[in-house]
Amino acid sequence: WRDPRPIGSRRRSIPSSFNQRGSKSRMGSKAGASRPFGTSSPATAPRPAPSSTKQPRLPISPFHLKLLWNDAHVDPDDIVNREQISIAIIGAGAAGLMAAIHAGRSSEDRIGPIVAFDGAAKIGAKILVAGGGRCNVTHHEVRPEDYGGSSRNAIRKVLRAYPVDAVVDFFEAEGVTLKREETGKLFPTTNKARTVLDALLDSVQRSGVELRHPVRIESIDRTEDGFQIRGDGLEVQADRVILCTGGKALPKTGSDGLGL
């Protein structure tokens, strides 16, 4: 349809439902109340579009999950992914390194790894200062009376199992020749403690033993499956444990008596 009237004579008609101010009267509202033209009433306001992202639904409600935990008598905080190892050696000084070497050589059928832990930043600090920096490895004569802390029979059995000749042969096989001095002490022919330490570290590596340091072990608890070991951000389960923590001979090197 086309309006036949001239363009200038056309007038825009205002619907009767709008007042002179251009506002539409609301049904049932108070007298004089009005809403600006072009706006919608709250009842007819368009609803916002639904969000496209949906919240993920849990396969089980937190309430029922708590019931399951209570029925199983298991605390969720107690479930930790613990590392399983075969043998844990606590302390990687002279005794710890020797224990690691022989454990690695005699445990070829083990299931898990062998790990030696030490709290010092550098392994073998006490070895490097022993014997004035020359490292007196042992004495030509070692007697049970020279040791304390256990019965004479127990010490005698240990010394018989690994006598002085076995120590000399061990280092000879590792490329370290020992010499006997007038005091009866046995030193490396290089007169350098570094020779002894390097030989021990190389032998540990060839034996397949892992060295972890600095790791300070804080507790060892006996469990049904072996031993639970905790330390600096560490929690492992070990089948066997060898303690080589030493005494209080030189605290600044790590031998501060914590293992006692």
Side-chain angles (χ1 to χ4, degrees), residues 85-110 113-150 152-213 240-247 249-250 253-255 259:
I85 61 178
S86 179
I87 301 176
I89 302 169
I90 314 302
L97 294 177
M98 288 292 288
I101 293 169
H102 289 284
R105 293 178 178 180
S106 59
S107 304
E108 297 179 355
D109 57 344
R110 64 183 182 274
I114 299 177
V115 182
F117 301 95
D118 198 274
K122 294 183 179 181
I123 298 295
K126 189 177 176 182
I127 296 176
L128 295 178
V129 300
R134 297 192 300 143
C135 186
N136 50 317
V137 175
T138 185
H139 198 274
H140 83 283
E141 183 182 8
V142 181
R143 302 171 302 173
E145 293 77 11
D146 298 330
Y147 292 86
S150 184
R152 292 287 182 265
N153 291 332
I155 298 174
R156 187 176 293 106
K157 291 180 181 180
V158 174
L159 297 179
R160 286 178 180 175
Y162 207 73
V164 176
D165 293 339
V167 177
V168 175
D169 293 340
F170 168 83
F171 281 99
E172 186 73 27
E174 298 300 324
V176 180
T177 304
L178 302 179
K179 63 177 181 178
R180 174 181 172 182
E181 296 189 351
E182 295 180 358
T183 58
K185 299 178 182 179
L186 273 65
F187 289 88
T189 55
T190 60
N191 287 324
K192 294 181 180 180
R194 174 61 64 178
T195 304
V196 177
L197 178 59
D198 290 344
L200 292 174
L201 293 177
D202 292 342
S203 183
V204 168
Q205 185 178 6
R206 293 195 308 270
S207 301
V209 178
E210 179 185 354
L211 286 177
R212 294 188 189 179
H213 65 97
R240 299 179 180 180
V241 174
I242 304 176
L243 290 178
C244 303
T245 55
L250 200 59
T253 64
S255 183

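No experiment lies behind these values; they were computed from the predicted model shown.
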**Q** Gly104 and Val209: which non-hydrogen atoms are nearest, and at how many Å?
**A** CA-CG2, 4.0 Å

**Q** Of the non-hydrogen atoms in Gly148 and Ile155, which two are nearest, and what is the gap between them?
**A** N-CD1, 4.3 Å

**Q** If you compare all heavy atoms of Leu200 against all heavy atoms of Met98, which two are closest, and at what distance to 0.1 Å?
**A** CD2-SD, 3.8 Å

**Q** Between Ser207 (side chain only) and Ser203 (backbone N and O only), is there a donor and an acceptor less than 3.5 Å apart?
**A** yes

**Q** Quick one: side-chain hydrogen bond (donor to acceptor under 3.5 Å, both in side chains) partners of Ser86, sequence neighbours excluded?
**A** none

**Q** Roughly how far apart are Ile89 CD1 and Thr245 OG1, rounded to 0.5 Å?
**A** 13.0 Å

**Q** For Gln205, is the CD atom crowded, meaning more than 12 foreign heavy atoms sit under 6.0 Å from it?
**A** no

**Q** So with a 6.0 Å cut-off around OH of Tyr147, is the heavy-atom count from everything else above 12?
**A** no

**Q** Look at the rings of Phe170 and His102 and say which category their plane angle falls in: under 30° parallel, 30 to 60° tilted, over 60° perpendicular.
**A** tilted

**Q** Can you tell me how far the CG atom of Leu201 sits from the CZ atom of Arg194, to the nearest 0.5 Å?
**A** 8.0 Å

**Q** What's the shortest heavy-atom distance between Ile114 and Ala103, and which atoms?
**A** CD1-O, 3.5 Å

**Q** Could you pull out the closest heavy-atom pair between Glu181 and Arg134, with the gap in Å?
**A** OE2-NH1, 2.7 Å

**Q** List for me each residue that meets side-chain hydrogen bond (donor to acceptor under 3.5 Å, both in side chains) alongside Asp169, sequence neighbours excluded, and say none if there are none.
**A** none

**Q** Apply the side chain to side chain contact (heavy atoms under 4.5 Å, CB included) test between Thr189 and each candidate in Thr177, Val176, Thr195; give the one that qualifies.
**A** Thr177

**Q** If the test is side chain to side chain contact (heavy atoms under 4.5 Å, CB included), which one of Leu178, Asn136, Val167 qualifies with Leu186?
**A** Leu178

**Q** Would you mind reporting whether Leu97 and Leu197 have side-chain heavy atoms less than 4.5 Å apart?
**A** yes

**Q** Holding to side-chain contact (heavy atoms from CB on, under 4.5 Å), I want the full list of residues that pass it with Ala173, two or more places apart in sequence or in another chain.
**A** none

**Q** Between atom CG of Asp118 and atom CG of Leu211, what is the distance when rounded to the nearest 0.5 Å?
**A** 8.5 Å

**Q** So, does His213 use its side chain to make a donor-acceptor pair with the main chain of Gly119 at under 3.5 Å?
**A** no

**Q** Any chance you could measure Glu210, atom CD, to Phe117, atom CZ, to the nearest 0.5 Å?
**A** 7.5 Å

**Q** Is there a donor-acceptor contact under 3.5 Å from the side chain of His139 to the main chain of Thr183?
**A** yes

**Q** Return the minimal non-hydrogen interatomic distance between Cys244 and Ala99, and the atom names on each side.
**A** SG-CB, 4.1 Å

**Q** Would you give the length of the straight line joining atom CG of Asp202 to atom CD1 of Ile101, rounded to the nearest 0.5 angstrom?
**A** 9.5 Å

**Q** Do other residues, nucleotides or ligands put more than 12 heavy atoms under 6.0 Å from Lys179 NZ?
**A** yes

**Q** Could you state the interatomic distance from CZ (Arg105) to CZ (Arg206), rounded to the nearest 0.5 Å?
**A** 7.0 Å

